[in-house]
Amino acid sequence: MTVNCKISIVIPTMNEGRTIGKVIDDLQYLNPFEIIVVDTNSTDKTREIASKKGAKVLEEPRRGYGRAYKTGIREANGEIIVCLDGDGTYPAEAIGPLIELLFIDKVDFISCDRMTLRTTYTYTTLHLIGNKILNKTLAILYGFRLYDSQSGMWIFRKDLYAKMKNLSDGMSYSQDIKIEAMRNGRLIEVPIVYGVRITKPKLNTWEDGFHNLFELFIKYVNK
């Protein structure tokens, strides 16, 4: 990677002891950078492994996907923020080229699209249908189209994040941050190869799906 900037990588975790070490190892080619792991009450060795690998570990006892990211991003020192899960499903090797693309294309936010290159092994049909419903609703309400409104890997400028408001503490944080990026800057989507999960998923398909759909309407009304 040829871009000269400070990068902060924020990773929320809960019981990712089987994967967090490799995720951190795979990020070592990025330089200069910092890794911030925000742990939400793991009962395994997630925190210990992350710390030994050189990550800054923050403990966040308050539950919530969005809450974890808010805690981590608040502590980040980088000009560029990279967010991804600690389960090893997102490709660390793509981050360097994506950061270069951020500067080359002069965009503020890159959201990684899992749908275009998906397989039935990495993304189930049920999740695909749910994602499409959320994508269509977002397009109707907000006037722009995303292929993967629920993606959990993003790269963005920290000064853009400072302009965002009304970000959820829960799973809908993922769609909220994209909506705010479109409102306050320039967003593009880039397809990535999404990996096979080997740890237990944190997502509750039906509950979180309906909640995120409801939250799209709530955010629209409260704009």
Side-chain angles (χ1 to χ4, degrees), residues 1 3-14 16 19-21 23-42 46-47 49-103 107-112 151-188 190 192:
M1 191 182 71
V3 173
N4 183 22
C5 64
K6 179 70 179 294
I7 304 163
S8 294
I9 303 166
V10 181
I11 307 173
T13 58
M14 185 172 70
E16 306 289 4
T19 54
I20 190 62
V23 170
I24 293 173
D25 286 344
D26 289 346
L27 294 167
Q28 296 301 318
Y29 75 97
L30 297 167
N31 186 49
F33 75 108
E34 64 175 355
I35 297 176
I36 299 173
V37 169
V38 186
D39 190 71
T40 55
N41 297 321
S42 288
T46 299
R47 292 188 296 273
I49 294 169
S51 181
K52 287 180 181 178
K53 292 288 185 178
K56 178 180 180 180
V57 178
L58 304 177
E59 295 190 32
E60 176 49 86
R62 295 169 293 180
R63 295 294 296 274
Y65 181 74
R67 170 56 59 190
Y69 269 126
K70 290 177 182 179
T71 297
I73 295 172
R74 184 175 62 245
E75 297 294 321
N77 296 308
E79 172 190 356
I80 301 299
I81 308 295
V82 178
C83 296
L84 73 161
D85 294 344
D87 59 13
T89 53
Y90 288 103
E93 67 276 9
I95 293 173
L98 289 173
I99 293 174
E100 292 186 341
L101 182 63
L102 189 85
F103 284 91
V107 297
D108 304 298
F109 192 107
I110 293 178
S111 184
C112 295
S151 169
M153 181 173 170
W154 331 298
I155 298 165
F156 55 92
R157 302 177 190 271
K158 192 175 184 183
D159 58 0
L160 172 68
Y161 187 78
K163 301 175 184 177
M164 297 181 182
K165 59 183 181 180
N166 297 329
L167 297 174
S168 168
D169 286 345
M171 292 301 296
S172 59
Y173 181 92
S174 180
Q175 61 194 25
D176 285 353
I177 197 172
K178 299 177 184 73
I179 293 168
E180 289 297 308
M182 290 294 294
R183 285 174 169 174
N184 295 286
R186 185 181 173 208
L187 176 151
I188 61 172
V190 177
I192 58 164

Taking every non-hydrogen atom, the tightest pair across [X] and [Y]:
X   : Y   : value
G86 : T19 : O-OG1, 2.7 Å
T13 : E16 : CB-CG, 4.0 Å
C5  : I99 : SG-CG2, 4.5 Å

Quick one: are [X] and [Y] in side-chain contact, heavy atoms under 4.5 Å?
X    : Y    : answer
E60  : P12  : no
I11  : V38  : no
L101 : F103 : no
I110 : L187 : no
P61  : T40  : no
V37  : L58  : no
K178 : F109 : yes
L30  : I9   : yes

Can any side-chain N or O of [X] pair as donor or acceptor with the backbone N or O of [Y] at less than 3.5 Å?
X    : Y   : answer
E100 : G96 : no
Y29  : A92 : yes
D169 : G66 : no
D85  : D87 : no

Counting heavy atoms not belonging to R63, are there more than 12 under 6.0 Å from its CZ? no
Report the C-alpha distance between E93 and D26 in whole Å, list the side-chain angles of each, state the deciding distance to 0.1 Å, and finish with yes or no for side-chain contact (heavy atoms from CB on, under 4.5 Å). CA-CA 7 Å; E93 67 276 9; D26 289 346; 5.7 Å; no
Calculate, to the nearest 0.5 Å, the distance between atoms [atom1] and [atom2] belonging to [X] and [Y] respectively.
X    : Y    : atom1 : atom2 : value
Y65  : S174 : OH    : OG    : 5.0 Å
R47  : I20  : CZ    : CD1   : 12.5 Å
I7   : N31  : CD1   : CG    : 8.0 Å
R67  : R62  : CZ    : CZ    : 4.0 Å
D108 : I155 : CG    : CD1   : 13.5 Å
Y69  : T71  : OH    : OG1   : 12.0 Å

Quick one: do M153 and C83 satisfy side-chain contact (heavy atoms from CB on, under 4.5 Å)? Show the steps, please. CA-CA 5 Å; M153 181 173 170; C83 296; over 6 Å; no
Listing request: all side-chain hydrogen bond (donor to acceptor under 3.5 Å, both in side chains) pairs with a residue in residues 157-167, at least two apart in sequence or in separate chains.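 Found Y161-Y173.
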Tell me yes or no: between the side chains of S8 and E34, is some donor less than 3.5 Å from an acceptor?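 S8 vs E34: donor-acceptor pair found between side chains.
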Donor-acceptor pairs under 3.5 angstrom involving side-chain atoms of residues 49-56: please list them, not counting sequence neighbours.
| from | atom 1 | to | atom 2 | distance (Å) |
| --- | --- | --- | --- | --- |
| K53 | NZ | D25 | OD1 | 3.2 |
| K53 | NZ | D25 | OD2 | 3.0 |

Do the rings of F156 and W154 sit parallel, tilted or perpendicular, given the 30° and 60° boundaries?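 Tilted.
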May I have the step-by-step check of side-chain hydrogen bond (donor to acceptor under 3.5 Å, both in side chains) for D39 and T46, ending in yes or no? CA-CA 8 Å; D39 190 71; T46 299; 4.6 Å; no
Check against side-chain contact (heavy atoms from CB on, under 4.5 Å), N77 and K6: CA-CA 8 Å; N77 296 308; K6 179 70 179 294; 4.1 Å; yes
